[in-house]
There are 2 protein chains.
Amino acid sequence: MNIKQLRYVFEIANNGFNISLAAESLFTTQPGVSTQLKLLEDELGTSIFIRHGKRVTGLTEAGERVLAYAGEVLLNVSSIRNIGLEYSKEDRGTLSIATTHTQARYALPKTVSEFAKRFPRVRLRIHQGNPSQICEMVVRGEADFVIATESIADYEQLLMLPVYRWNRCVVAPPDHPILAEQPLTLETIADYPIITYDFAFAGRSVINKAFNLAGIKPNIVLTAIDSDVIKHYVELGMGVGLLAHMAFDEHKDQNLRAADVSHLFDYSTTSIGVRRGRYLRRYMYDFIEMFAPNYKREAIAGKLRPGSSIPVFEEENLPLR
Amino acid sequence: MNIKQLRYVFEIANNGFNISLAAESLFTTQPGVSTQLKLLEDELGTSIFIRHGKRVTGLTEAGERVLAYAGEVLLNVSSIRNIGLEYSKEDRGTLSIATTHTQARYALPKTVSEFAKRFPRVRLRIHQGNPSQICEMVVRGEADFVIATESIADYEQLLMLPVYRWNRCVVAPPDHPILAEQPLTLETIADYPIITYDFAFAGRSVINKAFNLAGIKPNIVLTAIDSDVIKHYVELGMGVGLLAHMAFDEHKDQNLRAADVSHLFDYSTTSIGVRRGRYLRRYMYDFIEMFAPNYKREAIAGKLRPGSSIPVFEEENLPLR
DNA sequence: GATAGTTACGGTAGTCGTAACTATC
DNA sequence: GATAGTTACGACTACCGTAACTATC
């Protein structure tokens with residue numbers, strides 16, 4: 001058994017059980033992957049993948065278990081590599097953040113540019129996706145952090161640090177009648193066509209919950225994954241926008257007006273998530289601290305160590321944005 | 001980087017930073033270990049061990065971290081091997097129990113012989129040592145289980161399952177005056193020379209605590225790691241024995257009489273401990289269930305998975321022995 | 001001078017890519 | 001017939017053990 005074989009297994013499973021694809025993403029040839037897989041299966045005395053004739057189609061029961069441990073090995077190996085880099089090339093490296101559009105566009109820029117100034121030799125990478133996609137990127141080790149809102153408490157392998165809470169506002173063109181309604185109620189909002197986030201996304205479920213509880217069926221005419229897209233369609237007059245407070249900027253969005261609706265919806269919490277059991281470079285801790293000043297290096301390091309208990313973080317006293 | 005190199009690092013650290021010794025315990029040659037270590041250090045770009053000239057004397061800061069992750073890798077690799085065995089040689093394997101003399105001699109025989117009958121092709125191995133030794137054997141992966149009393153809550157890497165509670169009795173030759181004293185008090189016991197367990201051991205601290213609280217200084221004339229040794233010296237008239245209830249057998253110990261002293265000392269809890277993040281063979285779960293029927297396979301498996309929270313087990317309703 | 005570790009060297013074995021072959025859809 | 005996977009083969013590389021050398025205690 002060797003690390004390469006475990007990586008091959010991992011990659012085959014993450015490429016739809018297609019050995020040729022896996023080989024490509026491993027920058028090697030298909031027969032090589034095939035042979036190494038066979039060697040590993042022979043050594044273990046049991047097959048890892050289910051085969052229909054020659055085609056690989058899924059994991060055996062043993063394979064599922066092997067895959068889980070193989071993933072851990074790869075994670076640990078990458079941690080060791082990172083330790084090497086930490087002590088040999090202190091100021092160089094990569095920081096890979098997986099996040100949603102809203103965070104990338106409205107919450108992160110300040111921290112990211114500060115970080116880039118402080119660590120000019122660290123390459124930054126921002127990946128976008130929906131909450132489950134970005135979480136899985138971190139679980140698989142393809143990204144260092146995930147920054148997203150809710151729905152991410154489900155990943156046992158992620159350590160989630162709540163950072164701030166936020167709520168929503170209604171946006172509309174300056175002359176829109178909804179802006180005259182005081183105070184805004186769910187009923188009023190439901191009178192108009194609504195444009196808001198896609199269901200898979202950032203706090204959308206909170207919106208649904210509020211309307212459901214009130215027994216109101218809102219008229220959602222358009223959903224998007226992206227605050228800018230929502231705002232654009234609101235400008236075109238397609239309806240009123242319902243979006244995160246931070247996504248509205250009085251100066252930039254001069255064609256729109258916003259009205260706070262914090263009283264109508266639950267607050268959502270945005271968290272930063274890291275893979276448990278992973279070694280984090282010092283600059284990664286610094287990034288966390290820049291984004292969420294209440295999380296100090298040592299506190300997180302302790303929680304990340306394998307075998308440490310799942311901490312429950314206070315969500316009450318988080319800053320609002 | 002490869003698994004072998006990580007194993008070498010691990011073994012060097014566990015052999016007092018002596019490369020020659022490590023090579024021996026790895027069944028290979030010293031130059032081989034030396035070379036591979038150098039290769040790994042070169043690849044990581046940082047040294048793992050502190051060197052005085054050519055002598056290796058300790059771990060660098062980076063090395064400490066590397067070692068921790070290397071240990072995880074080796075654990076995961078052995079888990080994968082075990083999965084292979086589980087699915088290819090279901091009924092064959094090894095079960096390695098690290099425990100104290102008292103457990104091995106008085107608590108385990110019934111379970112062990114039952115187990116041997118049910119799994120005739122599983123090789124059994126019982127290691128003895130003091131609580132910290134045997135815990136570390138499990139942490140290092142040299143044993144599958146540790147069965148011991150207290151002082152083992154400190155190992156974050158071990159999942160401890162409390163199994164039963166027990167207390168102590170005083171033993172003495174049949175004509176000894178202490179047997180006439182009713183009821184027995186700490187003061188009375190302290191009037192006689194006492195023979196009991198070594199300090200490193202099984203519930204010895206509970207004994208100290210009781211005397212300390214009462215402000216009494218007991219006259220402990222002899223300590224041993226072994227109930228049989230204690231009983232032997234009691235038979236010789238050197239003093240009264242203070243030992244675990246289960247270590248006294250009315251039929252076999254006909255030269256001695258026992259008096260219960262549960263009212264004088266706190267109960268001690270004996271637990272079975274397994275390394276977190278390790279894959280356990282089915283027969284291992286069966287062993288646990290035979291020794292502690294309230295622990296079912298699925299419950300433990302869930303707790304063992306990496307990243308799962310540290311469970312707190314009830315100690316209140318445990319059986320007494 | 002005994003113990004511990006590194007460097008040098010050669011035979012062996014494992015690895016990887018190309019090519020040919022086979023099976024599935 | 002196109003896609004997916006295995007087997008075969010040869011060049012190359014890595015590995016391991018012996019031996020010689022060097023440093024520490």
Side-chain angles (χ1 to χ4, degrees), chain A residues 1-60 63 66-67 70 73-74 77 80-81 84, chain B residues 1-60 63 66-67 70 73-74 77 80-81 84:
Chain A
M1 188 189 322
N2 58 48
I3 294 170
K4 189 177 38 188
Q5 291 167 343
L6 299 179
R7 174 162 293 125
Y8 285 7
V9 168
F10 187 82
E11 213 57 31
I12 294 171
N14 279 304
N15 280 279
F17 305 106
N18 182 321
I19 296 186
S20 307
L21 259 182
E24 204 172 316
S25 81
L26 288 161
F27 303 104
T28 183
T29 60
Q30 178 271 319
V33 175
S34 203
T35 311
Q36 289 301 320
L37 172 61
K38 194 169 177 345
L39 282 173
L40 178 60
E41 289 186 325
D42 286 351
E43 180 178 342
L44 295 181
T46 182
S47 50
I48 294 171
F49 294 102
I50 299 171
R51 287 177 174 76
H52 285 304
K54 285 191 172 179
R55 302 281 165 117
V56 174
T57 58
L59 287 161
T60 62
V66 169
L67 179 64
V73 169
L74 299 178
V77 166
I80 292 174
R81 291 228 163 81
Chain B
M1 188 188 324
N2 57 49
I3 294 170
K4 191 178 37 190
Q5 291 168 343
L6 300 179
R7 174 163 293 122
Y8 286 6
V9 168
F10 186 82
E11 213 58 30
I12 293 170
N14 279 303
N15 280 279
F17 305 106
N18 182 321
I19 296 187
S20 307
L21 260 183
E24 205 172 315
S25 81
L26 288 161
F27 303 104
T28 182
T29 61
Q30 179 271 319
V33 176
S34 204
T35 311
Q36 289 300 320
L37 172 61
K38 195 170 177 343
L39 281 174
L40 179 59
E41 290 186 325
D42 286 350
E43 180 178 342
L44 294 182
T46 183
S47 50
I48 294 170
F49 294 104
I50 298 170
R51 287 177 174 76
H52 286 304
K54 284 191 173 179
R55 301 280 164 117
V56 174
T57 58
L59 287 162
T60 62
V66 169
L67 180 64
V73 169
L74 299 178
V77 166
I80 292 174
R81 290 228 163 79

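What you see is a predicted model; the values in this text were computed from it and never measured. In what follows, chains are A, B, ... by sequence order, proteins preceding strands, each numbered from 1.
For B:N2, no side-chain nitrogen or oxygen approaches OP1 or OP2 of D:dA14 to under 4.0 Å. Close to D:dG5, at under 4.0 Å from its OP1 or OP2, lies a side-chain N or O of A:N18. For D:dC16, neither phosphate oxygen OP1 nor OP2 lies less than 4.0 angstrom from any side-chain nitrogen or oxygen of B:T28.
Considering only heavy atoms from C-beta on, A:Y8 comes within 4.5 Å of A:V33 through its side chain. For the pair B:L40/B:L6, a side-chain contact is recorded, criterion being any heavy-atom separation below 4.5 Å from C-beta on. Annotation: side chain of B:F49 is in contact with side chain of B:V9 (closest heavy-atom distance under 4.5 Å).
Taking atom CZ on A:F17 and atom P on D:dG5, their separation rounds to 12 Å, with Å as the unit. Spacing between atom CD1 of B:I3 and atom C1' of D:dC15 amounts to 16 Å, rounded to whole angstrom units. The separation between A:N15 atom CG and D:dA4 atom C1' is 14 Å, rounded to whole Å. When rounded to the nearest whole Å, the span between CD of B:Q36 and P of C:dT7 equals 14 Å. Distance NZ (A:K4) to C1' (D:dA14): 11 Å, rounded to an integer number of Å.
For the atom pair A:N2 CG and A:Q36 CD, the distance stands at 6.0 Å (nearest 0.5 Å). Note that CG of A:L37 is 8.5 Å distant from CD of A:Q5, once rounded to the nearest 0.5 Å. The line from CG of A:L44 to CZ of B:R81 is 8.0 Å long, rounded to the nearest 0.5 Å.
Counting any heavy atom pair closer than 4.0 Å across all strands shown, B:F49 reaches no nucleic acid atom.
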Practice problem: Could you run through nucleotides 18-25 of chain D and give me one letter per nucleotide, 5' to 3': B if any protein heavy atom sits under 4.0 Å from the base, S if only the sugar-phosphate is that close, - if neither? | Solution: BB--BSBS
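Partners of B:S47 by side chain to side chain contact (heavy atoms under 4.5 Å, CB included), not counting sequence neighbours, listed by chain and number: B:E41, B:R51, B:T60.
Side-chain N or O atoms of B:N15 include none that pairs as donor or acceptor with a backbone N or O of B:N18 at under 3.5 Å.
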Practice problem: Could you provide the dot-bracket string of DNA chain C, using ( ) for intrastrand pairs, [ ] for crossing pairs and | for bases paired to another strand, with Watson-Crick or G-U pairs below 3.5 Å? | Solution: |||||||||||||||||||||||||
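Taking every side-chain heavy atom of B:I19 into account, C:dG5 is the closest of C:dG5, D:dG5, C:dT7.
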